[in-house]
Amino acid sequence: MTGVEQLLRTEAPQVLGALVRRFGHFDVAEDAVQEALLVASRTWAADGVPENPRSWLIRIGYRRMVDLLRSEQARRRREHEAGVAELAMQEPSRRSDPPQEADDSLALLLLCCHPALSATSQVALTLRAVGGLSTAEIAHAFGMTEATMGTRISRAKQQLARAGARFTPPSGADRAGRVAAVMRVLYLIFNEGYTVSAGDRLARVDLTGEAIRLARMLRDSLPDDAEATGLLALMLLTDSRRAARTGDHGELVPLEEQDRARWDPGLIREGTRLIDAVWSRREVGPYQLQAAIAAVHAAAETPEQTDWPQIAALYLWLERLSPTAPVRLSRVVAVAQAYGPVRGLALLDDLNRRHRLDEDPLTRQRERAVRAHLLQLTGDPAGAARLYREAAALTGNQVEQRYLLERADRLG
């Protein structure tokens, strides 16, 4: 990603937030922002980046927004809105650019998590508008086809318009639900950045960095919310391993083979301090539990020192709170590490019978990779090689694919 592309990605939510705050109508505002970004990508490449890029983008977006609202099609559907837009542009407070220090990302997140939308639509729309993920990336996160997800996002925008959603803080009645949806969004953004769904690189630092930035903002605005703190701690502890996840040639390095001297001690200290600060509170949520698991990993100086029985117990607790396929499969890995591959395989067989992890879109690829590893440890190299190849065929990430195929080739 070029410097201009990175800048446009960073500023897009701010521009969208500015337009929605002044005019409303999320769907039209997003169209105006996309056109402003297109103009910027062409103009800045030739003339250079302006001194105040956000103001530049907002001015272009404002003009395009008014054009859209005044168009024949918009006049038929939004006659009242066009009048409101013109009045807004006549007010001095509306004409001026917003303060440069203003950050609309969190407010935009809360708007996208409007109660008129289903939970899935809230997350999908926010990933698209604030996270900058493509429709294909969002579809992968939900285990859907790209076409299905595209339709869902389009309908979500229409629902916001019908609900008359405005760029205002949520009320007390729906605030908790919208904050919970925001945390799900940030978690998905981080996960997509940590291991991208497709392409020739393992991670996207821009996505993980944006997720961490927004998670910090969320925690700062909700200092008494233990789950917001747990989410930030989880991201920091997980991201601390980023430099050790790939080798000199970009190849994937699994956790047990990583050089732990390359783990970021500053992120580990901060993440551990955050989770320790909230762990003693009465209610423990899924993000706090996942952060606690990451902290146990971070505390081990060598793979052999990892307290796998504790991790297995934490995953059992997490499964009771969040009985999802990825959590169940992670418990299999922890149990196998703590008590041996035979016990891990037995648990995996049981979970497949009851929950079909091998067919679930969110785990079918990793289920094969986990089973392959356990078969390898129990003395079935042929079965392991076959499953490694099946797992490789189910991932669009080329780094992960190469790693799985190399493991299969070594087994014959």
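Nothing here was measured: the structure is a model prediction, and the numbers come from that model.
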Would you say Arg155 has more than 12 foreign heavy atoms packed within less than 6.0 Å of its CZ?
no

Side-chain heavy-atom pair Phe26, Leu108 within 4.5 angstrom cut-off:
yes

Taking Arg331 for the side chain and Tyr315 for the main chain, is one N or O donor matched with an acceptor at less than 3.5 Å?
no

Any chance CD of Gln34 has more than 12 other-residue heavy atoms, nucleotides or ligands included, within less than 6.0 Å?
yes

CD1 (Ile153) and OG1 (Thr148) are apart, to the nearest 0.5 Å, by 11.0 Å

CZ of Arg354: more than 12 outside heavy atoms within 6.0 angstrom?
yes

Option from Arg152, His114, Lys157 for which side chain to side chain contact (heavy atoms under 4.5 Å, CB included) with Ser121 holds
Arg152

Do any N or O atoms from the side chain of Glu30 and from the backbone of Leu16 form a donor-acceptor pair under 3.5 angstrom?
no

If I compare all heavy atoms of Glu319 with all of Leu351, which pair ends up nearest, and what's the gap?
OE2-CD2, 4.2 Å

Arg219 side-chain N/O to Ala233 backbone N/O, donor-acceptor pair under 3.5 Å:
no

Which pair of heavy atoms, one from Ala40 and one from Leu8, lies closest together, and at what distance?
CB-CD2, 3.8 Å

Assess the residue pair Asp220 and Met217 against the criterion (side chain to side chain contact (heavy atoms under 4.5 Å, CB included)); give the C-alpha distance rounded to whole Å, side-chain angles, the decisive distance to 0.1 Å, and a yes or no.
CA-CA 5 Å; Asp220 288 344; Met217 185 189 309; 5.7 Å; no

Within this structure, what is the CG-CG distance for the pair Leu7 and Leu57, rounded to the nearest 0.5 Å?
7.5 Å

Name the residue from Val333, Val332, Leu329 that meets the side chain to side chain contact (heavy atoms under 4.5 Å, CB included) definition with Leu347.
Val332

With a 4.5 Å cut-off on side-chain heavy atoms, are Arg273 and Arg269 touching?
no

Is Ser41 reaching over with its side chain to a backbone N or O of Leu38, donor-acceptor style, under 3.5 angstrom?
yes

Glu227 side chain reached by Pro286 side chain, heavy atoms, under 4.5 Å
yes

State, with a plain yes or no, whether a side-chain heavy atom of Ser330 is found less than 4.5 Å away from one of Arg366.
yes

Quick check: do Asp239 and Asp264 have side-chain heavy atoms less than 4.5 Å from each other?
no

Quick one: closest heavy-atom pair of Asp259 and Ala244, and the distance?
O-CB, 3.7 Å

For the pair Leu362 and Thr324, evaluate side chain to side chain contact (heavy atoms under 4.5 Å, CB included) and give the outcome as yes or no after the intermediate values.
CA-CA 9 Å; Leu362 298 179; Thr324 65; over 6 Å; no

First locate atom CD of Glu400, then atom OG1 of Thr195, and finally report the distance between them rounded to the nearest 0.5 Å.
6.5 Å

Output yes when a side-chain donor or acceptor of Thr306 lies under 3.5 Å from a complementary backbone atom of Ala300, and no otherwise.
no

Taking all atoms of both residues into account, what is the closest heavy-atom pair of Leu237 and Thr272, and its distance?
CD2-OG1, 3.7 Å

Test side chain to side chain contact (heavy atoms under 4.5 Å, CB included) on Arg175 and Leu222; report intermediate values, then the result.
CA-CA 11 Å; Arg175 181 176 175 82; Leu222 302 171; 3.3 Å; yes

Could you check whether any side-chain N or O of Thr395 sits under 3.5 Å from a backbone N or O of Ala392, counting only pairs where one atom can act as donor and the other as acceptor?
no

Nearest-0.5 Å distance, CD of residue Glu11 to CD1 of residue Ile58
8.0 Å

Do Arg407 and Arg410 come within less than 4.5 Å of each other through their side chains, counting heavy atoms only?
yes

Thr43 side chain reached by Trp56 side chain, heavy atoms, under 4.5 Å:
yes

A quick test of your reading: do over 12 heavy atoms of other residues, nucleotides or ligands sit less than 6.0 Å from CD of Glu257?
yes

Is it true that a side-chain atom of Ser154 and a backbone atom of Thr151 form a donor plus acceptor pair closer than 3.5 Å?
no

Taking atom CD of Gln305 as the centre, report whether more than 12 heavy atoms of other residues, nucleotides or ligands fall under 6.0 Å from it.
yes

Between Arg389 and Asp409, does a salt bridge (charged side-chain N to carboxylate O under 4.0 Å, His left out) hold up when you go through it step by step?
CA-CA 9 Å; Arg389 292 190 175 95; Asp409 291 343; 3.2 Å; yes

pair Tyr403-Gln398: side-chain heavy atoms closer than 4.5 Å:
no

Residues Leu202, Val196; criterion side chain to side chain contact (heavy atoms under 4.5 Å, CB included); working and verdict:
CA-CA 6 Å; Leu202 182 64; Val196 300; over 6 Å; no

Distance-minimising heavy-atom pair for Pro13 and Ala129:
CG-O, 4.2 Å

Rounded to the nearest 0.5 Å, how far does CG of Asp27 lie from CG of Leu125?
10.0 Å

Separation between SG (Cys112) and CG (Leu160), nearest 0.5 Å, reads 7.0 Å

Salt-bridged, Arg364 to Glu367, with N to O below 4.0 Å?
no

Charged N to carboxylate O below 4.0 Å: is that the case for Glu270 and Arg216?
yes

Do the side chain of Glu304 and the main chain of Thr302 share a donor and acceptor less than 3.5 angstrom apart?
no

Under 3.5 Å, side chain of Glu35 to main-chain N/O of Gly61, donor-acceptor pair present?
no

Hey, does the side chain of Asp307 reach the backbone of Gln310 with a donor-acceptor pair shorter than 3.5 angstrom?
yes

Please give me the minimum heavy-atom distance between Gln365 and Leu394, naming the atom from each residue.
CG-CB, 3.6 Å

Ring-face cation contact, Tyr194 with Arg241, 6.0 Å cut, 45° max:
no

Among side-chain atoms of Arg184 and Thr126, is any donor-acceptor pair under 3.5 angstrom?
no

